[in-house]
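Worksheet: one structure, shown below.
Counting starts at 1 for both ligands and their atoms, following the listed order. Nothing here was measured: the structure is a model prediction, and the numbers come from that model. Position 1 is the first residue of the sequence; numbering continues from there.
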Amino acid sequence: MLAIAKAFSRALGGRGIETLGVRAYAKALGDQSTLPLSTGRPRLVILGTGWGGARLARDIDPKKFDITIISPRNHMVFTPLIASSCVGTLEPRSVTVPITDIQPALRLPQNNFLLAECDAVHTQDRLVECSSTHDGLKFFVQYDVLAIATGSQGSTFGIPGVTEYTMPLRDAANSTDIRTRLIQNWGESSIPGRSPAERARLLHVCVVGGGPTGVEFAGELADFVRKDLAKLDPNRARDMRITLIEADQLLSSFDARLREYAALKLTRAGVHLVKGIVKEVRKDELELKNGAVIPYGLCVWSTGVGPTSFSLSLPFEKTMRGRLAVDDRLRVLARHADGRGPTSLEDVGGGLYLGR
Ligand SMILES: Cc1cc2nc3c(=O)[nH]c(=O)nc-3n(C[C@H](O)[C@H](O)[C@H](O)COP(=O)(O)OP(=O)(O)OC[C@H]3O[C@@H](n4cnc5c(N)ncnc54)[C@H](O)[C@@H]3O)c2cc1C
């Protein structure tokens, strides 16, 4: 990616987007780097193929817009079923839907799906600046209407070791990784000569975060151990341990009755509930703020979400929590050139309302 960026930079005499301006820079990259408008219809560019992007792609009338969808994922993931796909109840493939199935008009020549990430939005020029997922090749796409549906990213709160040693549960690829690790640890634990402490570590799954995702995963895993692994090897299944660590209370956004019900169900299913704050994650063990050290074979991290660096970099108003601020019609807000505002971008020359 860096090599390509350097080659561009050399070709442009070392001048970047800042000195050349967006249009001149896009032009200097060559005609191929900017998708020309292909019909007389306005071009709708959708960033992201998650719930938001896929829903808009499905509902939009392709007779009214040329559609370009840009996302590093060519499919939508049915997230509520990800936890089930970790333990084999479902295959990871069956929780995904190709974006071209969601909007078949993407197969028409005036419409595009581009496997790439958007790096920046240039509202004055109505261009999105993107790079391909595979090799970082830079390109621009012109839009008349832009829908930003790039989602969020998992929160780590800057806790050391989370990114390196834990597994998130946000995507179909994550469930494949989790499943692979579970199978690996299950197998490794029964190798002759394995020490009892190491065996116990391998058979211990820690789930950090008692929100809906953590609770659902812990519950699915407990069912899997009791109903499936117990048939394979009852002794080893009995030694499997699942610990759910939550800093505050389980399912804090739910009402008290549901919280108590979930806690009771999990405990009965054999999930060990621990109230604590993770201070550091190390390879094979994590440490809580109270000093307790917990060895683990697999640690799944699910402590909520926050804004991505992409959405933070966008030139629009943000909420207190760093998310994009929108009006009651989901239009982003921006300030006028003279600093007045914030107001919806449509009023300062930006967007169009697309909802029904
Ligand atoms: C395991 C799990 C279970 C869940 N269960 C439920 C549930 O039962 N009910 C419920 O209401 N919610 C549930 N959720 C939450 C729900 O999935 C999210 O609220 C939803 O995915 C948000 O949709 P979105 O379109 O904003 O973002 P996402 O679905 O995260 O999609 C973002 C998209 O943007 C793409 N993208 C990211 N960066 C860029 C970029 N720079 N350029 C272009 N594209 C980009 C991504 O690849 C992705 O395609 C669950 C979440 C998880 C993880």
Side-chain angles (χ1 to χ4, degrees), residues 1 44-59 68-87 89-90 92 95-100 102-103 112-122 127-134 136 138-141 143 146-155 166-179 207-221 251 253-254 258 262 300-314 316 319 323-324 326 330 332 355:
M1 203 181 281
L44 163 66
V45 171
I46 302 175
L47 304 178
T49 47
W51 281 96
R55 175 66 195 261
L56 177 58
R58 191 196 73 176
D59 288 356
T68 293
I69 301 181
I70 299 164
S71 176
R73 227 171 51 186
N74 65 1
H75 55 269
M76 184 249 176
V77 179
F78 195 86
T79 46
L81 293 178
I82 292 183
S84 311
S85 66
C86 293
V87 294
T89 314
L90 289 166
V95 304
T96 65
V97 189
I99 193 69
T100 39
I102 291 171
Q103 179 46 272
N112 307 280
F113 169 76
L114 301 170
L115 194 67
E117 270 186 39
C118 179
D119 303 319
V121 175
H122 303 286
L127 283 171
V128 284
E129 183 183 340
C130 307
S131 44
S132 90
T133 308
H134 178 59
K138 220 174 210 349
F139 64 94
F140 290 81
V141 177
Y143 64 83
L146 178 65
I148 302 167
T150 49
S152 53
Q153 68 181 22
S155 303
T166 71
M167 291 191 174
L169 182 54
R170 293 179 48 78
D171 213 331
N174 300 144
S175 67
T176 306
D177 292 343
I178 289 172
R179 193 162 151 182
V207 183
V208 183
T213 301
V215 164
E216 209 176 319
F217 174 68
E220 283 277 358
L221 186 59
L251 302 175
S253 57
F254 288 47
L258 286 172
V300 173
W301 192 271
S302 175
T303 55
V305 293
T308 62
S309 50
F310 169 69
S311 68
L312 285 172
S313 75
L314 291 172
F316 309 125
T319 66
R323 293 163 189 210
L324 286 178
V326 290
L330 295 182
V332 293

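- At least one protein heavy atom sits closer than 4.0 Å to atom 1 (C) of ligand 1.
- In this structure, Pro168 and Trp301 have side chains that are not in contact, with every pair of non-hydrogen atoms separated by 4.5 Å or more.
- Nearest heavy-atom pair, Val207 versus Ala218, reported as atom, atom and distance to 0.1 Å: CG2-CB, 4.4 Å.
- Near Ala149, meaning under 4.0 Å from one of its heavy atoms, ligand 1 places the atoms 32 (C), 33 (C), 34 (O).
- Here is the list of ligand 1 atoms found below 4.0 Å of a heavy atom in Trp51: 17 (O), 20 (C), 21 (O), 23 (O), 25 (O), 29 (O).
- In this structure, the separation between CD1 on Ile102 and CD1 on Ile99 is 4.0 Å, given to the nearest 0.5 Å.
- Counting atoms of ligand 1 from 1 in the listed order, those under 4.0 Å from a heavy atom of Thr213 are 1 (C), 2 (C), 3 (C), 52 (C).
- Using a 4.0 Å threshold on non-hydrogen atoms, atom 21 (O) of ligand 1 counts as touching the protein.
- Separation of atoms OG1 (Thr68) and OH (Tyr143) is listed at 13.5 Å; rounding is to 0.5 Å.
- Checking atom 5 (N) of ligand 1 against the protein gives a heavy-atom contact under 4.0 Å.
- In terms of polar-atom proximity, defined here as any N/O pair under 3.5 Å, Thr79 does make such a contact with ligand 1.
- If you number the atoms of ligand 1 from 1 as listed, the ones under 4.0 Å from a heavy atom of Gly48 come out as 33 (C), 34 (O), 35 (C), 44 (N).
- Among the atoms of Phe310, none of the N or O lies under 3.5 angstrom from an N or O of ligand 1.
- Here the CG atom belonging to Leu81 is positioned 11.0 Å from the OG1 atom belonging to Thr96, to the nearest 0.5 angstrom.
- To the nearest 0.5 Å, atom CZ of residue Phe113 and atom OG1 of residue Thr49 are 5.5 Å apart.
- Where the criterion is an N or O separation shorter than 3.5 Å, residue side chain and backbone included, Arg170 fails it with respect to ligand 1.
- Within a 4.0 Å radius of atom 27 (O) of ligand 1, the protein has at least one heavy atom.
- How far CD1 of Ile70 is from OG of Ser131: 10.5 Å, rounded to the nearest 0.5 Å.
- Within the listing of ligand 1, atoms 43 (C), 44 (N) sit less than 4.0 angstrom from a heavy atom of Ile70.
- Looking at ligand 1, you won't find any N or O of Ala116 less than 3.5 Å from one of its N or O atoms.
- For atom 46 (C) of ligand 1, the nearest non-hydrogen atom of the protein is Ser71 OG, 4.1 Å.
- Shown in contact with Glu117 at under 4.0 Å from a heavy atom are these atoms of ligand 1, numbered in order with element: 42 (N).
- What you find for Met76 and Ala54 is that their closest heavy atoms are CG-CB, 3.6 Å.
- Here Thr49 has heavy atoms under 4.0 Å from ligand 1 in both its backbone and its side chain.
- Taking 4.5 Å as the limit, some side-chain heavy atom of Pro212 sits within range of a side-chain heavy atom of Leu251.
- For atom 41 (N) of ligand 1, the choice among Cys118, Gly52, Cys86, Gly211 with the nearest heavy atom turns out to be Cys118.
- Between Leu324 atom CG and Leu314 atom CG the span is 5.5 Å, to the nearest 0.5 Å.
- No side-chain donor from either of Thr308 and Gln153 sits under 3.5 Å from a side-chain acceptor of the other.
- Shown in contact with Gly50 at under 4.0 Å from a heavy atom are these atoms of ligand 1, numbered in order with element: 25 (O), 28 (P), 29 (O), 31 (O), 33 (C), 48 (C), 49 (O).
- Nearest heavy atoms, Gly52 versus Ala149: C-CB, 4.0 Å.
- Protein heavy atom closest to atom 9 (N) of ligand 1, with residue, atom name and distance, is Pro80 CG, 4.4 Å.
- Of all the atoms in ligand 1, the ones that sit under 4.0 Å from a non-hydrogen atom of Leu169 are 1 (C), 53 (C).
- Nearest protein heavy-atom contact of atom 37 (C) of ligand 1 is Thr150 O, 3.3 Å.
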